[in-house]
Amino acid sequence: MRRAVCPGSFDPIHNGHVEIIARAASLFDEVIVAVSTNYSKKYRFSEDERVAMVEETVGGLRGVSAVPMGQGLLADFCKEQGAEAIVKGLRSTVDYAYEIPMATMNRHLTGVETVFLQADTRYTHLSSSLLKEVQALGGDVDEYFPRAVIKRLATH
């Protein structure tokens, strides 16, 4: 069985994330969406809420599950999960330049490979931070979020 990990904070998950996860599910037998927490960041949603939104959003995709990543290195998490690959979406060359050193280090640490998927052009301008800011200032961003997120944004 070929298993991959799609890591991210998913605060919150948006349609650009969903597109990458769905494509990863077509390439691998199993995809673990690893919901991470960077304790230096301020999150709008708790880890439990983020995991729940991801589960609700991708639960219908074959072989896809969502779990909290916990503390520690992504490479170690992948090894513990028996994953042979990390799947990352790229929006631009800026993302690529940021991701390459991490991919190289993860491969060095545990042998896990990183697979880069170019984001669909409909989503290359999206980031959770940008969408949260636009929404907080009254902009309509519903077309970029799954239903699981839209219903929670109204209460946060």
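These numbers come from the heavy atoms of this one structure, side chains and all, not from hydrogens, waters or symmetry mates.
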Rounded to the nearest 0.5 Å, how far apart are [atom1] of [X] and [atom2] of [Y]?
X	Y	atom1	atom2	value
Met69	Glu80	CE	CD	9.5 Å
Thr114	Asn106	OG1	CG	5.5 Å
Ile20	Asn15	CD1	CG	12.0 Å
Leu90	Phe116	CG	CZ	5.5 Å
His14	Met53	NE2	CE	12.0 Å
Asp120	Leu126	CG	CG	10.0 Å

Determine whether His125 and Tyr144 satisfy the following criterion, side chain to side chain contact (heavy atoms under 4.5 Å, CB included), listing intermediate values before the conclusion. CA-CA 11 Å; His125 64 292; Tyr144 300 116; 3.5 Å; yes

Testing the basics here: between [X] and [Y], what is the closest heavy-atom pair and its distance to 0.1 Å?
X	Y	result
Pro146	Ile13	CD-O, 3.6 Å
Glu19	Ala119	OE1-CA, 4.0 Å
Asp11	Lys132	OD2-NZ, 2.8 Å
Val54	Ala66	CG1-CB, 3.5 Å

[X], [atom1] atom: more than 12 neighbouring heavy atoms under 6.0 Å:
X	atom1	answer
Met102	CE	yes
Gln118	CD	yes
Lys79	NZ	no

Please check this pair: side chain of [X] against backbone of [Y], looking for a donor-acceptor N/O pair closer than 3.5 Å.
X	Y	result
Thr124	Arg91	no
Asp29	Arg3	no
Arg44	Pro12	no
Arg62	Ala25	yes

Should [X] and [Y] be counted in the same cluster of Ile, Leu, Val, Met, Phe, Trp and Tyr side chains packed under 4.5 Å apart?
X	Y	answer
Phe10	Phe77	no
Tyr123	Leu131	yes
Leu61	Val31	yes
Val5	Leu73	no
Ile150	Val141	yes

[X] versus [Y]: any side-chain heavy-atom pair under 4.5 Å?
X	Y	answer
Leu27	Leu117	yes
Val87	Arg23	no
Arg107	Thr104	yes

Is the charged tip of Arg50 near the ring of Tyr43: under 6.0 Å from the six-membered ring centre and within 45° of its axis?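 Yes, a cation-pi geometry holds between Arg50 and Tyr43.
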
Checking Cys78 against Ile86 for the side chain to side chain contact (heavy atoms under 4.5 Å, CB included) test, could you report, in this order, the C-alpha distance in whole Å, the side-chain angles of both residues, the deciding distance, and whether it holds? CA-CA 8 Å; Cys78 291; Ile86 297 166; 3.6 Å; yes

Using the side chain to side chain contact (heavy atoms under 4.5 Å, CB included) rule, take Cys6 and His17 through it: C-alpha gap first, then chi angles, then the decisive distance, then the call. CA-CA 9 Å; Cys6 282; His17 295 132; over 6 Å; no

Apply side chain to side chain contact (heavy atoms under 4.5 Å, CB included) to Val18 and Thr57, showing your working. CA-CA 8 Å; Val18 176; Thr57 300; 3.5 Å; yes

Would you call Asp95-Lys88 a salt bridge at under 4.0 Å N-O?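 Here Asp95 does not pair with Lys88 in a salt bridge, since their nearest N and O are not under 4.0 Å apart.
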
